[in-house]
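One structure is given here, and the rest of the page talks about it.
Proteins get letters first, then strands, A, B, ... in listed order; numbering begins at 1 in each. We use all heavy atoms of the structure for the numbers below, so side chains are in, but hydrogens, waters and symmetry mates are not.
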Protein chains: 2
Amino acid sequence: MAHKYVYWFGPNEAEGNAEMRDLLGGKGANLAEMARIGLPVPAGFTITTEYCTRFFQSGGKFDDELRAQVAEALARTEKTMGAKFGDPEKPLLVSCRSGARRSMPGMMETVLNVGLCSRTIPGMIASVVKGRENDPVARTQAERFVYDAYRRLIMMYSDVVMEKAEGIEPGEGQGIRQQLERIMDALKTAKGYKSDLDLTAEDLKQLCAEFKQRVKEVLGREFPDEPQEQLWGAIAAVFKSWNGKRAVAYRRIEGIPDDWGTACNVQSMVFGNKGNTSGTGVCFTRNPATGENVFYGEWLPNAQGEDVVAGIRTPCPLNAASKSEQNKHLPTLEEEFPEIYAQLERVREILERHYGDMQDIEFTIEEGKLYVLQCRAGKRTGTAALNIAMDMLAEGLIDERTAVRRVEPAQLDELLHPIVDPAQERNFKPIAKGLPAGPGGACGRIVFTSEDAVLWAQQKEKVILVREETSPEDVEGMRAAVGILTSRGGMTCHAALVARGWGKCCIVGAASIEVDSVAKEMRVDGKVYREGDVLTLNGTRGYVYEGRLPLIDAGENPRLHQFLQIVDKYRRMGVRTNADTPADAATARKFGAEGIGLFRIEHMFYGAGSEEPLFILRKLIHATTDEERRQAIDELAPYVERDIRATLEVMDGLPVTVRLLDPPLHEFVPKGESAQLELAQALGTTLEEVKKRGESLHEVNPMMGHRGVRLGISYPYLTEMQIRALLRAAASLKKEGKNPKPELMVPVTCTVKELEFLRPIFDRVKKEVEEEFGLSIDCPYGTMIEVPRAAILSDQMARSAEFFSFGTNDLTQMCYGFSRDDIGGFLPTYLEKRILDFDPFQTIDVEGVGQLMQMAVERGRAVRPNLKIGICGEQGGDPASVAFCYKLRFDYVSCSPYRVPVARLAAAHAAIAAGDA
Amino acid sequence: MAHKYVYWFGPNEAEGNAEMRDLLGGKGANLAEMARIGLPVPAGFTITTEYCTRFFQSGGKFDDELRAQVAEALARTEKTMGAKFGDPEKPLLVSCRSGARRSMPGMMETVLNVGLCSRTIPGMIASVVKGRENDPVARTQAERFVYDAYRRLIMMYSDVVMEKAEGIEPGEGQGIRQQLERIMDALKTAKGYKSDLDLTAEDLKQLCAEFKQRVKEVLGREFPDEPQEQLWGAIAAVFKSWNGKRAVAYRRIEGIPDDWGTACNVQSMVFGNKGNTSGTGVCFTRNPATGENVFYGEWLPNAQGEDVVAGIRTPCPLNAASKSEQNKHLPTLEEEFPEIYAQLERVREILERHYGDMQDIEFTIEEGKLYVLQCRAGKRTGTAALNIAMDMLAEGLIDERTAVRRVEPAQLDELLHPIVDPAQERNFKPIAKGLPAGPGGACGRIVFTSEDAVLWAQQKEKVILVREETSPEDVEGMRAAVGILTSRGGMTCHAALVARGWGKCCIVGAASIEVDSVAKEMRVDGKVYREGDVLTLNGTRGYVYEGRLPLIDAGENPRLHQFLQIVDKYRRMGVRTNADTPADAATARKFGAEGIGLFRIEHMFYGAGSEEPLFILRKLIHATTDEERRQAIDELAPYVERDIRATLEVMDGLPVTVRLLDPPLHEFVPKGESAQLELAQALGTTLEEVKKRGESLHEVNPMMGHRGVRLGISYPYLTEMQIRALLRAAASLKKEGKNPKPELMVPVTCTVKELEFLRPIFDRVKKEVEEEFGLSIDCPYGTMIEVPRAAILSDQMARSAEFFSFGTNDLTQMCYGFSRDDIGGFLPTYLEKRILDFDPFQTIDVEGVGQLMQMAVERGRAVRPNLKIGICGEQGGDPASVAFCYKLRFDYVSCSPYRVPVARLAAAHAAIAAGDA
C-alpha cells in the first residue's frame, strides 16, 4: 500500500488521534480525537506534516499519490456532509488551515470558503435559502451571505495564495489585500455606509467583480474559478506559509526545528452567520481568570468566528456564570438555545474528562446544529492555573506530577503581587514601553527625586519614582514608592536589581521618556507630565499608562502553600535566596528559601540606617595613615558584625553565604559638597583633599576595575575585619545555643592565587575567634565564578574553593562584552532585529555563557567531587535558567525572595522533565 | 655497584661533562667540562640534583651511601690539591655552592672557607706564609688573611646554615648576619676605621671570638669547630636553599618545576687575596657591549671575587681593548702578568671554540697560578648579540639556525631606539618607577599640556610630556614630545598604545608621581618638579631619573637587515603590522611587515589634520533628522575613502585589514564649550542640545558599551559608508593598475548574527562598486575574536567570517575582568604579591586566555578548514605570545611597526624550536 499522507475525520470516526501531534499537528490531532470520541466535528481531513516536508523536497509539487488520497478523503467528506465540492446543486465549501506540532499562533496562513465560484454560487444560495424559497427577504439575505463569503474568499485567496505564496513582495501599502480593502472602503464612502454590514447583496456582487478585475490587473492572472484549482492552491499556500518570514522568525525564537513542517487541515465549512438560528462562540471548560469550576464563555448570534474576536459587536455571555458588567444585559446561550447549551455542556464534560485539563473550545451553530471546530488546552492566569491544578488533583482527574506541571513557574509571579487588571488593560494604550524589571502593577502620582518620594509617601500618597537612572542614593525613595520608572538601564541595572529584590513594580529603560528631574517633569512624544500626575505601570510587561488603571490584588492564595508543598516532593535541587537584611531573609524563608546564597556586606552602606557605617567607611577610604585606618576599621567592625548576625539569626539552621565587599570604593565616596565637608572635618583635612581622593578612585570601567577580591588583596585589613565579623557573629550565636551556618564567599576571582592569598588570613582569624569563644565554627570557604577565566580554570579554583557560586550577571557581561548599565543603547535594537533572541541577563545564554558554566562544573568537580555548586546571579529565579542549572547538577539556585516560589516550581519541573521525580 | 651521586672533577679529568646539566646543574656540568678539556679548575666534586630530591624525600637526612661517595671524592681532591680537609698541617678549605639546571641568579646559597677552625687556622697561616717564614710582615699579613677568611666563614655560615636552613625567621633587622655586622661596625667606629681593610689581624681575631659568642647566644649552639660538621652543614644548607622563599618564588615566575632540585658543588678554595702575585677577575671572550671580537674584562690584584663586584675598588682593565675613561690609568693584566694573560688568552680560545658562543669567565690567580672558577654563556646587549651571531656565522663557528637563536627577540628593540647608556645608568637612582610602555630612552624638559609640548618642540626644545593620563586630544603633544610619562594607566592604556605604535619612549602608571597640570608641576616623594625641569626616562625598564643621563643611539645597524634576511629563511608564519597612516605603513614595510593586520578607521578622527572629518562626524552624531544624517554621511565619505586609499597605496600588493569604526561615539563628542558652541551653530541648534546629546552618549563602562559592531548595527548607514569607502578606494587603485588587497573586519562581535546582519550590506555595496568601476574586487569578510562568547562559538562565527583576527587586548580584559584603563589600581599589587606572574596585557595568558584562543582556532577551522587566523592585539609583538600563536598555527601576527623585526625573529625561533625550520 502507498504511504498514508491523508487522515480523514468525521462523526464518531477518525483515522488519526490526539497522540499523533507530530504527524497531524496539534489542530489536526485534536480534530481527529474529538471526532473519534463522538463530538460534532465538521468532517474533513488532515494532510500530514510529513507530506509538507516531501512537498518542499519535490520543489513545491504535488504528486499523484497525494492527489489520489485527497480525492478519496474529499469524497468521504462529501458523503458525510451530503454536499459535493464544486457541485452546482449542493456545493461543499472547505477551509484550509495550517497546524504544526506546536502552536505558532498567527504565524501561518488560512483560507476559508474554498470552493465558491461562479458555478457553485447559485447552488450555495439555494442551499441557504432552502425551505424558505418563497420568502424574498430570505433570498436577498442568502445572496448577501454568499457574496459576502465570496468577497472574503477573493480577498484572502488573492493575498495568501496568489501573492504571498508566490513570493511576491509588493511595496509598502501595495499588497493586493490592501488594494481590495481600499476599493471596498471607497464604495462604503460613496454610499455613506458606516459598517461592512451595510453593504447590500448588490454591493457585494459589484465588489466581487471589481475585486477579480483588480486581481487580474495586479497579479497578472485570473482569479481561479475552478474549485479544484482553488483547493490545491490553498493547500500549497498553507504548506509554503511554514517558510514565511514570520514563521521562520518565530521558530528561531522558540527553537522550533525547521524540518518539522506543518500539517494542512481541509475541513467542511460551517457558518454561524446563516441567520437567527446560527451563531458562534468560544468557551472555556473552567473560568480561565479564576480557575473556578464553572463553564465560561462568550457567543454571538448570527456571526462568524472572526466577529467574536474583532470586537465590533460586544459578545454575549455564554451563561449566568459568564456575565460581566459589560455584557450582563445581553442574552445568554443558555437562555436562548437551551438545547444547544445542554449539548455544549456535554461537550465540556467529555473534553475535560478526556484531556484532563481545562479546554478552550471554539464552536459554531449552523441553523440550530452545533459544531465543535477546535479544542486545545486553555490559556489561563496564574491564579486559575493554580486553582485548576489543585481542583483537578482533588477531583482525581490528574496526579500530583501533572498538577505540578500544570502551573508555569512564571505564573506564580502574579500570585505574589498586585497586577493591572488584564481585562481593563486591553482598553488602554501605553504611552511608553520599557523593560519589565520588577513584576506586578502599580499606580500612583509621579515624583522625580528620592526626597520627594519619601515626603509624599509620608503624606500617605502612593507615588511612582521617575528617574533617568537610579543610584544607591535613591534607595530610600525607591522603598517609599509603589513603583519605579527609569528612562535608562537594562534588566540588571541598579533600579531593576533593587526592585526585584523587594518584589516591587519597576520599569527601566523606557527610552522614549525624557526625564528632567530639575524641572520635575517628564516628556513623552511631546507631551509633558508633571510632578503629581498619575501614571500606572505594568511591571510584568513593561508598559506605562497615563492615568489610573484598576489593579487587582491576587493576594496570598492559601492554596499556593499547599501547592508548593506538593511541588517540593518533586524537587531535587535546593532553592536559596539573595538577601541582605533580616526582613528580606524572613520573607524568603516564608517563601521556602532553604538558605541564603548571596548576602552582600555592602548592603549595610546603602539605605535607611546606613548613615553611621557609611560615614565610618568613608573615613576608612580617605584615611592616609595606618593609625587612621586601624581606628576606622575598629569603629566599623561592630556594625558589620551586628549586621551579619541579625541575618544569620533569622536564617538559623540554614546556610548563609556572606560575600566580601564587592563594589569599587568610588561608589561609597561622598558626592555632594556638604557630605565631603563633613568628612573633611572629621578627618581633620581639607575639602580639597577629600575631593581629590574621591576623584582618584574614579574608574573608566568600574565594572572591571578595582573591586571584589582585588579590594580584598589591596586592603587585607579590610578583608580581615569582614572575616572576623562573620565568624564572631556565628560564634556568638552558637554560644547562645543557636545553629548558625556561615559560608564565606570571595567575589570576582580570576586566579586561584587570590583565594590562596586570603586563605591564611581566614584560617588565622578563624582560629583566633574559635579560641576566643571556646568553640569550633564550621564555615566553608568558596568563590564566585563570575569571571570567564575563573570558569575556564575552575580546576585550579577548586583546589582552594570548597564551593562555587555562579555570578551569572557578571559572567554574562564579560562573556558577551555587554555592560549591563549601558545595554539600553543597543539591546532593544538587537532584540528587535533578532540578532539576539532574548535578553541574556534575564535567561542564561546556554549556548555561550552556558558552555563556560558547564566547563566550570565539570572541571571543578573533577578536582573536588563533592564541590557544592550554586548560582546567585539574577537568572537564578528564571525558570529556563533554573532548568539549565538542574541539568548541570547544581546543588542549589539562589534568587530574590519573591522569586523563591518560582524557582521551587521550576526546579520541580526540571526534575520531572528529566525523569528524576 | 651503588647509585652514583657524586661526580669528581680535577685537572684534565672529570666524571661529568657539559651534557649533564640536568644531573649536575649548569655550574657543575661546566666545571666538569672545563676540567675535562684541560682548563685549570680547582679540584672538587658535584653532588647531583638527584640526591637533592632524595635528601628532601628522606626528611633532610644524609645516608651512608652519600657519605662514602663524598669521602672518596674528597680524598681524591685532597690528593690532587696536596692538602687535607681538617688537617692541622696542610689544611684544605672548600666552598659549597648551589647550581640548578637553569641559572637562578642569587636565589640560592653559598658557603665559602669551609674547613677553617681552631685546629686548622695555624696550618692555614703557615701555608700562606710559606717561603717567607722569617718575614714578620708576611706573618702578620698571613694572620690577617686567615682571620679575615674565618670572620667571613662565621658570618656566612651562621646566617646560611645555622639560621636560614633551620627555618628560623628572626624579626626585622634581627638576623644573625645583621647582628654580627653591627658588632663589626661598632669596632670600626670605636677604632676610627673607614674601611674593612683597616682591620688588623688582632682586630679580626677579637671579632671572630665575639662573633662566636654572639652566635651561641642568639642561636643557642656553638659555632661548629669541626670541619666535617661544617661541611655537612653547608651541603645541607645548599640543598635546603632550593626550597627557600626567594627560590620558590623565582621558580613560580620562571615556570621551573619544583622537583628539579639543585646540585651542590664542593670545590677547593683558591684565594686571589694572598698578596701581590694573586688576583681575581671576570672576562668575556668578546666585548659584551659591542660584540667586537676582542678579549674583554676586568681584574683586581690581591683581591677576592666579591671585591670585583662590590665596587669598593675600581677594577683594572684586562688589556688595552678593555680600557675605559674610568680605568685607563690602571694597570692591565696583560702588562702586569703577561704569562698569565697568555694562559687566559688560551682559555678564551679553547672555551669559545668548545662552546661556540661568547663566554663569561671567572678566574682567580693564587700566588702566580691561574684558576678558572666558572664559565657560562655571557650576557650581552642586543647590538653585541647581533654582531657576535653574524661574526661567528662568518667564522664558521655556528650555523644559521644557531645564529638566529643567538639573538633574543626582545634584544632587537635597542637596535631600533636610542637607549639610556647602561654603563651610566647604574650610577643613578630612579626617582620613580612605572610600567615600561614604550621602549628606549628619552631625555628632555618636562611640560604638562599637549599645547606646551607642541610650542616647546617648535622652539627646538626636546620635551617630555607629563600627564595624569592621555586622551586622543593629547596626540599632537605626544607626537611632539621625545618621551611620555603618565601617573596612571596600564600597559595598554591610550598613552602606551600610541607610544608603542610610534616606537616612542613612554612610561605609564608611575603611581608615585602626582601630576598637577594646572599648576604645571609634578610631585614625587615631596619633591616638586616644575615645567622646564629635565628628566630622563628609560622606557625599556620603566625608570624615571632626575636630570640628564647620557643616551646612546645604536642607530640602524646594517647587519640587522642581513640578519633578518637569514631569520626569514627559518620563519614559517606571517608578520603584519598595526598601522593607521601611510607613514606608519611605510615604516612597517621597511621593517618587513607583510601587510596590515589592523587599520583603524577611527584614527582619522584623532591628531593632526583630523579637524574637518572630526567636525563632520560630530555633526553626524548630533544629527536629529535623516536628512541631516544623510548629508553628514555624504560629506564624510570622501575623507574616509581618501584616508583608506592612501594606506592601501603604500601597502600595494599586500593585504590591508580595515576595521569598522570601533570606539563608542561618546569619544568623539566635543568636550569643551567652544567646540560645542561651534557645533551647535553648524547644526542650527542650541548649546544645551549639543551638551545634552553628548551626555546622553556617556556610558558607565564604555569598554563594554555601545561600540564596535553594535554601532554598525545601530547605524547601518554609517557601516555602509565605511564599506563603500573601502571598496571604492580599492577599486580606484585597481583601475590605475595597482594591486590593492583590502580586507573588511568587523569588531566586537559576540554572535554570528551580527556578521550575518551586515553581510548583505557588504555584498550589495560590493556589487554596486564593482558595477560602477567595471571590475571585480576581492575583499575577504572577517571578524575580530575579542569577546569570549565569539571565541566559544567560533564554529558559528566561521560560518560567516572568512578570517579571524584575535583582539587579545579586549579578550584579555574580558577573560580576566580587568579594565586596562584601571588596572593601575591593583595590577602592581598583584604582580608584587605574585598573584599574577606577569602582566597579561604584555604577554598572552596561555593558561586562561590561551584556552579561549585554542578553542576558537580549533572550532573555527573545523567549520572552515582554510580559515585565515591572525592576531592584532598588543601581544602580537611579544616574543612569548608570538611563539604561542605559532603553536596554534596562526597564519600571521600583527604588531606595531617597530615590533615587526621582533615578531619576525620570535616567529623564526618558534619554528626552529618546534623543529619546523
Side-chain angles (χ1 to χ4, degrees), chain A residues 469 488 493 664 696-711 713-714 748-751 753-754 756-757 786-790 792-793 796 810 812-827 829-830 833-837 840 845 847-849 851-852 855, chain B residues 469 488 493 664 696-708 710-711 713-714 748-751 753-754 756-757 786-793 796 810 812-827 829-830 833-837 840 845 847-849 851-852 855:
Chain A
E469 54 193 335
R488 299 183 58 173
C493 71
S696 77
L697 290 172
H698 171 80
E699 292 182 309
V700 181
N701 297 292
M703 194 266 127
M704 306 169 84
H706 198 172
R707 56 176 285 236
V709 68
R710 299 163 199 171
L711 291 175
I713 286 170
S714 296
V748 202
T749 47
C750 66
T751 159
K753 290 190 187 164
E754 294 166 320
E756 288 171 348
F757 183 87
E786 55 186 334
V787 170
R789 193 172 190 274
I792 295 168
L793 296 174
Q796 297 183 10
D810 280 3
T812 300
Q813 290 199 84
M814 287 180 246
C815 187
Y816 275 90
F818 286 175
S819 161
R820 65 190 192 197
D821 291 313
D822 304 308
I823 45 173
F826 57 91
L827 191 62
T829 307
Y830 267 47
K833 297 189 175 171
R834 301 267 179 250
I835 288 166
L836 291 182
D837 292 335
D845 158 46
E847 199 175 33
V849 178
Q851 283 198 50
L852 285 176
M855 196 183 284
Chain B
E469 53 193 336
R488 299 184 58 176
C493 70
S696 77
L697 291 171
H698 170 79
E699 292 182 307
V700 181
N701 297 291
M703 195 264 126
M704 305 168 85
H706 199 172
R707 55 176 286 236
R710 299 163 200 172
L711 291 176
I713 286 170
S714 295
V748 203
T749 47
C750 68
T751 159
K753 290 190 188 163
E754 293 165 320
E756 289 171 348
F757 183 87
E786 55 186 334
V787 169
R789 194 173 189 274
I792 295 168
L793 297 175
Q796 297 184 7
D810 279 3
T812 301
Q813 290 198 87
M814 286 178 246
C815 187
Y816 275 89
F818 287 174
S819 161
R820 66 190 189 197
D821 291 312
D822 303 308
I823 46 173
F826 57 91
L827 192 63
T829 308
Y830 266 47
K833 296 191 175 170
R834 301 269 178 249
I835 288 166
L836 291 181
D837 292 335
D845 159 45
E847 201 175 31
V849 179
Q851 282 198 49
L852 284 176
M855 198 183 283

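Counting heavy-atom pairs under 4.5 Å between each of Cys750(A), Cys815(A), Gly708(A) and chain B puts Cys815(A) at the top. For the set Leu697(B), Ile792(B), Leu711(B), the count of heavy-atom pairs under 4.5 angstrom toward chain A peaks at Ile792(B). Note on Val700(A), Leu852(A), Ile713(A): by heavy-atom pairs under 4.5 Å with chain B, the leading option is Val700(A).
Of the possible polar contacts, none joining the Lys833(A) side chain to the Phe757(B) backbone as a donor-acceptor pair under 3.5 Å is found.
Looking at Asp845(B), the atoms closer than 4.5 Å to chain A (heavy atoms on both sides) all sit in the side chain, from C-beta outward. Of the atoms belonging to Gln796(B), it is side-chain heavy atoms, and not backbone ones, that fall under 4.5 Å from chain A. Residue contact with chain A, scored on non-hydrogen atoms closer than 4.5 Å, involves the backbone of Ser696(B) exclusively. Of the atoms belonging to Gln813(A), heavy atoms from both backbone and side chain fall under 4.5 Å from chain B. Residue contact with chain A, scored on non-hydrogen atoms closer than 4.5 Å, is absent for Arg707(B). For Ile835(B), the parts lying under 4.5 angstrom from a heavy atom of chain A are both the backbone and the side chain.
When all heavy atoms of Gly848(A) and Arg789(B) are compared, the pair lying nearest together is CA-NE, 4.0 Å. Heavy-atom minimum distance, Ser714(B) versus Gly825(A): OG-O, 4.4 Å.
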Are Tyr830(B) and Glu754(A) close enough, and set up right, to give a side-chain contact (heavy atoms from CB on, under 4.5 Å), and what steps lead you there?
CA-CA 9 Å; Tyr830(B) 266 47; Glu754(A) 294 166 320; 2.5 Å; yes
Please determine whether side-chain contact (heavy atoms from CB on, under 4.5 Å) holds for the pair Met704(B) and Asn701(A), giving the CA-CA distance in whole Å, both sets of side-chain angles, and the decisive distance to 0.1 Å.
CA-CA 8 Å; Met704(B) 305 168 85; Asn701(A) 297 292; 5.8 Å; no
In sequence, state the C-alpha distance, the side-chain angles, and the governing distance for Thr751(B) and Glu847(A), and then conclude on side-chain contact (heavy atoms from CB on, under 4.5 Å).
CA-CA 10 Å; Thr751(B) 159; Glu847(A) 199 175 33; over 6 Å; no
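Atoms CG and CE, on Asp822(A) and Met703(B) in that order, are 11.5 Å from each other to the nearest 0.5 Å. Here the NE2-CZ distance, from His698(A) to Arg488(B), works out to 7.5 Å after rounding to the nearest 0.5 Å. Atom CD of Gln851(B) and atom CE of Met855(A) lie 7.0 Å apart (nearest 0.5 Å).
Not a single salt bridge (Lys or Arg N to Asp or Glu O under 4.0 Å) links Arg710(A) to another residue, sequence neighbours left out. Contacts of Tyr816(A) classified as ring pair (Phe, Tyr, Trp, His ring centres under 6.0 Å), with partners at least two apart in sequence or in another chain: Phe818(A).
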